[in-house]
Amino acid sequence: MSIFDPSGLAAPGREAGKGRAAFSAAHAGQWSWQELIGVTNRRLFASGEDFLERLRQIAAHRPRAIVLREKDLSEACYEELAQKVLLLCRRAGVPCILHGFPGTAARLQPDGLHLPLPLLRTLTPAVRASFPQLGTSCHSVADAREAVQLGCTYLFAGHIFATSCKPGLPPRGLSFLQEVTAAVPLPVYAIGGLTPARVPLVRAAGAKGACAMGSLMQGNLWF
């Protein structure tokens with residue numbers, strides 16, 4: 001079974017309002033670690049060991065996956081870090097998704113690869129099909145539909161709520177998320193300004209779950 005099993009999502013074009021309302025009423029304020037994908041940011045830490053220790057704490061709760069997103073690193077430095085994070089995740093039984101470097105992913109054989117859509121477009125169909133899970137981040141329904149055509153197995157959609165990661169940019173909101181989840185047959189994970197209290201809101205809009213970066217890397221909000 002895929003680590004991003006889409007069972008339970010509304011199919012494209014399906015009227016899901018009644019089901020979403022029922023979910024919201026039954027599960028208001030509740031969330032599960034299996035609905036959460038952690039996205040890393042080592043720059044929030046004083047040292048590499050502090051960063052890895054935080055990942056160990058997160059992995060101990062068995063989130064849906066951890067995405068190693070360290071965009072400022074060279075590929076050589078990223079690969080060195082990825083080896084450590086992959087080992088950490090495998091010991092905890094948590095899927096690890098690499099980000100941004102298809103070559104590194106091909107060498108290290110992670111559970112999946114997440115790429116920006118412009119980079120994803122440059123890969124051949126054979127390369128895209130070589131990864132067990134393939135994802136991208138979408139900022140429009142058109143992006144999401146293209147991601148399906150490119151062979152993605154899951155999507156991030158955002159940003160849904162206001163977030164310090166996107167200062168000055170208005171959030172796209174829950175209505176955008178609902179449009180995306182209705183348009184594609186893939187598991188969609190909301191990103192941007194997520195908190196535990198907001199997980200039921202994005203689930204009610206059709207998302208499979210949520211992504212968290214800064215709020216998960218620091219503090220006790222999710223613990």
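What you see is a predicted model; the values in this text were computed from it and never measured. Sequential numbering from 1 along the given sequence is applied to the chain's residues.
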Measure across L98 and Y78 and return the closest heavy-atom pair with its distance rounded to 0.1 Å. CA-OH, 3.4 Å
Would you sort out whether Y154 and H114 count as a side chain to side chain donor-acceptor pair (under 3.5 Å), showing the intermediate values? CA-CA 9 Å; Y154 73 93; H114 193 97; 2.9 Å; yes
Can you tell if the side chain of V94 reaches within under 4.5 Å of the side chain of H61, non-hydrogen atoms only? no
Counting C-beta onward and ignoring hydrogens, is there a side-chain heavy-atom pair between R42 and D72 closer than 4.5 Å? yes
So which atom in L36 and which in C211 form the shortest heavy-atom distance, rounded to 0.1 Å? CD1-C, 4.3 Å
Pair I97-I66, side chain to side chain contact (heavy atoms under 4.5 Å, CB included): steps then yes or no: CA-CA 6 Å; I97 309 298; I66 291 175; over 6 Å; no
Scanning both residues in full, the closest heavy-atom pair of F156 with I37 reads CE2-CD1, 3.8 Å
NZ or CZ of R198 within 45° of F161 ring axis and under 6.0 Å: yes
Value rounded to 0.5 Å, distance of OG1 in T181 from CZ in R203: 10.5 Å
State, with a plain yes or no, whether a side-chain heavy atom of L186 is found less than 4.5 Å away from one of C152. yes
Side chain to side chain contact (heavy atoms under 4.5 Å, CB included) for L150 and L117? Distances and angles first, verdict last. CA-CA 9 Å; L150 291 172; L117 191 54; 3.8 Å; yes
Are L169 and M213 connected in a single hydrophobic cluster, I mean Ile/Leu/Val/Met/Phe/Trp/Tyr linked by side-chain heavy atoms less than 4.5 Å apart? no
Side-chain contact test, heavy atoms from C-beta onward, threshold under 4.5 Å: evaluate it for E53 versus F45 and give yes or no. no
Distance check, rounded to the nearest 0.5 Å: F101 atom CZ versus L119 atom CG? 9.5 Å
Distance col, row S215:OG vs N220:CG, nearest 0.5 angstrom, shows 11.5 Å
For F176 and R172 the tightest heavy-atom approach is CB-O, 3.4 Å
Nearest heavy-atom pair of P132 and D111: which atoms, and what distance? CG-O, 3.3 Å
Side chains of M217 and V39: does their closest heavy-atom pair fall under 4.5 Å? no
If you compare all heavy atoms of P110 against all heavy atoms of A105, which two are closest, and at what distance to 0.1 Å? CD-O, 3.1 Å
Should I58 and W33 count as side-chain neighbours, where that means a heavy-atom distance under 4.5 Å? yes
Can you check whether P171 reaches T163 side chain to side chain, under 4.5 Å on heavy atoms? no
dist L115:CG -> H99:NE2 (nearest 0.5 Å) comes out at 7.5 Å
Test item: W222 and V199 side chains (from C-beta on) under 4.5 Å apart, heavy atoms: yes
Is it the case that the side chain of R54 and the backbone of L216 share a donor-acceptor pair, with hydrogens and angles ignored and the cut-off at 3.5 Å? yes
Rounded to the nearest 0.5 Å, how far does CD of E146 lie from CZ of R121? 4.0 Å
What's the separation between atom SG in C138 and atom CG in L155, rounded to the nearest 0.5 Å? 4.5 Å
Please tabulate, one pair per line, all N/O donor-acceptor pairs under 3.5 Å involving side-chain atoms of residues 79-90, not counting sequence neighbours.
unit_1 : atom_1 : unit_2 : atom_2 : d
E79    : OE1    : T104   : OG1    : 3.4
E79    : OE1    : R107   : NE     : 3.1
E79    : OE1    : R107   : NH2    : 2.8
E79    : OE2    : R107   : NE     : 3.3
R90    : NH2    : Q109   : O      : 2.8

Measure from the side-chain N and O atoms of Q34 to the backbone N and O of R62, and report whether any donor-acceptor pair falls under 3.5 Å. yes
